[in-house]
Amino acid sequence: MVEAAIDFTGIVVSRQNFREHDALVRFLTSQYGFKTFIARGLKRPKAKLAGVTLPFTLGDYVGVVRAAGLSQLRTAKGTQLFRQPMENIVTNAYATYIFDLIRAAFPEGQAIPRWYDIGKAVLLGMDRGLDPAILANIVEIQLLPAFGVAPQLRVCAICGRDDRPMDYSEGAGGLICNRHWAQEPYRFHASAKAIYYLRRFSVVNINQVQSINVNVQTKAELRTIIDRIYSDTVGTYPRSKRFIDSLGQWNQDFKPLKPRNASNGEQSK
């Protein structure tokens with residue numbers, strides 16, 4: 001029985017060799033979530049699909065979509081390559097990490113239209129020159145509920161107030177106001193700027209972000225805070241994140257947060 005090919009819209013997130021002349025192309029699709037397609041003859045000279053299956057290409061494609069196993073890619077109708085993630089090694093690293101993280105949160109074949117839209121918005125933002133590190137931070141924070149972690153980032157997790165200085169506490173499950181700092185020895189000792197951005201990241205619509213201007217010190221602090229949240233509560237660490245860490249820029253710019261067993265010795269105000 002001949003399987004019918006259908007139209008789908010997707011973003012190429014990775015491509016790898018498969019057998020002698022073929023390749024596997026993984027998409028984040030608007031209709032089916034993540035799907036992996038076999039592209040026959042992609043490694044042959046002058047293969048028609050070669051130029052339209054580069055990572056971070058958005059397009060309308062035709063293929064046989066299967067519920068299980070490999071789907072089959074036939075052709076492309078129209079595509080757009082996002083240049084910045086392809087040509088800039090740092091931007092490429094963050095784009096790869098963002099899609100790896102989304103993929104870790106959802107099984108292949110699960111429709112996730114919201115995250116397709118976010119992935120598309122991230123690539124559009126990167127192409128417009130938005131800071132890829134901050135875009136990654138936004139995705140990381142908004143993806144936490146998909147990993148079963150939903151910290152309170154709007155008001156104090158203990159008393160519900162939102163008009164006092166805040167810090168982050170894993171023990172309390174999110175932000176705590178300064179009335180409770182003395183009772184929370186393992187709070188993060190985060191700066192007011194970092195807390196401000198954590199709160200903003202939890203609600204911002206990436207499609208509406210027109211500019212990003214976060215100083216190097218605060219960016220480094222945000223990286224440290226979010227890494228700790230992921231390490232302690234999520235445990236997901238894609239290989240692409242290791243490459244970002246290997247760039248070494250954060251160690252130069254930010255003094256690490258105080259040790260977890262540090263005594264803060266502060267009184268509430």
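With hydrogens and angles disregarded, a donor-acceptor distance shorter than 3.5 Å links the side chain of T53 to the backbone of L49. One N or O on the side chain of K43 and one on the backbone of E20 form a donor-acceptor pair closer than 3.5 Å. Judged by distance alone, the side chain of S246 and the main-chain N or O of F243 form a donor-acceptor pair under 3.5 Å. Using modelled atom types, no side-chain atom of N92 and backbone atom of M86 make a donor-acceptor pair closer than 3.5 Å. Panel note: side chain Q142, backbone F201; a donor-acceptor pair is recorded below 3.5 Å. Judged purely by atom type and a 3.5 angstrom limit, Q152 uses its side chain to pair as donor or acceptor with the backbone of V155. The backbone N or O of G41 sits less than 3.5 Å from a side-chain atom of D22, completing a donor-acceptor pair. In this structure a side-chain-to-backbone donor-acceptor pair under 3.5 Å is present from R15 to A50.
Taking 4.5 Å as the limit, some side-chain heavy atom of L101 sits within range of a side-chain heavy atom of P238. Proximity of Y230 to V149: side-chain heavy atoms (C-beta onward) are nowhere separated by under 4.5 Å. Looking at V139 and I206, their side chains come closer than 4.5 Å, going by heavy atoms from C-beta outward. The shortest side-chain heavy-atom distance between I229 and F188 falls under the 4.5 Å cut-off.
The minimum heavy-atom distance linking L42 with A47 is given by the pair O-CB, 3.4 Å. Closest heavy-atom contact between Q84 and T91: O-CB, 3.8 Å. Among all heavy-atom pairs drawn from L198 and L153, the shortest one is O-CD1, 4.1 Å. Heavy atoms only, all atoms of each residue included: P85 and L123 are closest at CG-CD2, 3.9 Å. Counting all heavy atoms, side chain and backbone alike, A194 lies closest to L222 at O-CD2, 3.6 Å.
Checking T36 against R26 by side-chain atom types alone, a donor-acceptor pair falls below 3.5 Å. For Y97 and E140, the side-chain atoms include at least one donor-acceptor pair closer than 3.5 Å.
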**OP:** Assess whether side chain to side chain contact (heavy atoms under 4.5 Å, CB included) is satisfied between F37 and L70, documenting all intermediate values.
**Re:** CA-CA 5 Å; F37 291 76; L70 295 175; over 6 Å; no
Original post:
Under the side chain to side chain contact (heavy atoms under 4.5 Å, CB included) criterion, do V64 and S71 qualify, and how do the steps go?
Top reply: CA-CA 6 Å; V64 176; S71 298; 5.8 Å; no
Subject >> Verdict with supporting geometry, Y197 and N137, side chain to side chain contact (heavy atoms under 4.5 Å, CB included) >> reply: CA-CA 9 Å; Y197 283 113; N137 291 161; over 6 Å; no
**OP:** Begin with the C-alpha distance, continue with both residues' side-chain angles, and end with the deciding distance and a verdict on side chain to side chain contact (heavy atoms under 4.5 Å, CB included) for K193 and V214.
**Re:** CA-CA 9 Å; K193 281 188 178 180; V214 182; over 6 Å; no
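With F27 as reference, F8 is the one residue of Y32, F34, F8, F56 to meet the ring pair (Phe, Tyr, Trp, His ring centres under 6.0 Å) rule. Here the rule is side-chain hydrogen bond (donor to acceptor under 3.5 Å, both in side chains) with S169, and of H180, E184, Q183 only E184 fits it.
Residues V203 and I212 do not share a hydrophobic cluster, clusters being chains of Ile/Leu/Val/Met/Phe/Trp/Tyr side chains in contact below 4.5 Å.
Using a 4.0 Å cut-off between a side-chain N of Lys or Arg and a carboxylate O of Asp or Glu, D7 and K77 qualify as a salt bridge. Salt-bridge formation is detected for the pair R66/E3: a Lys NZ or Arg NE/NH1/NH2 atom is positioned less than 4.0 Å from an Asp or Glu carboxylate oxygen.
With sequence neighbours left out, the salt bridge (charged side-chain N to carboxylate O under 4.0 Å, His left out) criterion links K241 to D227, D245.
Taken from CZ in R74 to CD1 in I6, the straight-line distance is 11.0 Å, to the nearest 0.5 Å.
For residues 56-65, the set of pairs meeting the side chain to side chain donor-acceptor pair (under 3.5 Å) definition, not counting sequence neighbours, comprises T9-D60. Identified under the side chain to side chain donor-acceptor pair (under 3.5 Å) test for residues 115-131, with sequence neighbours left out: D131-K219.
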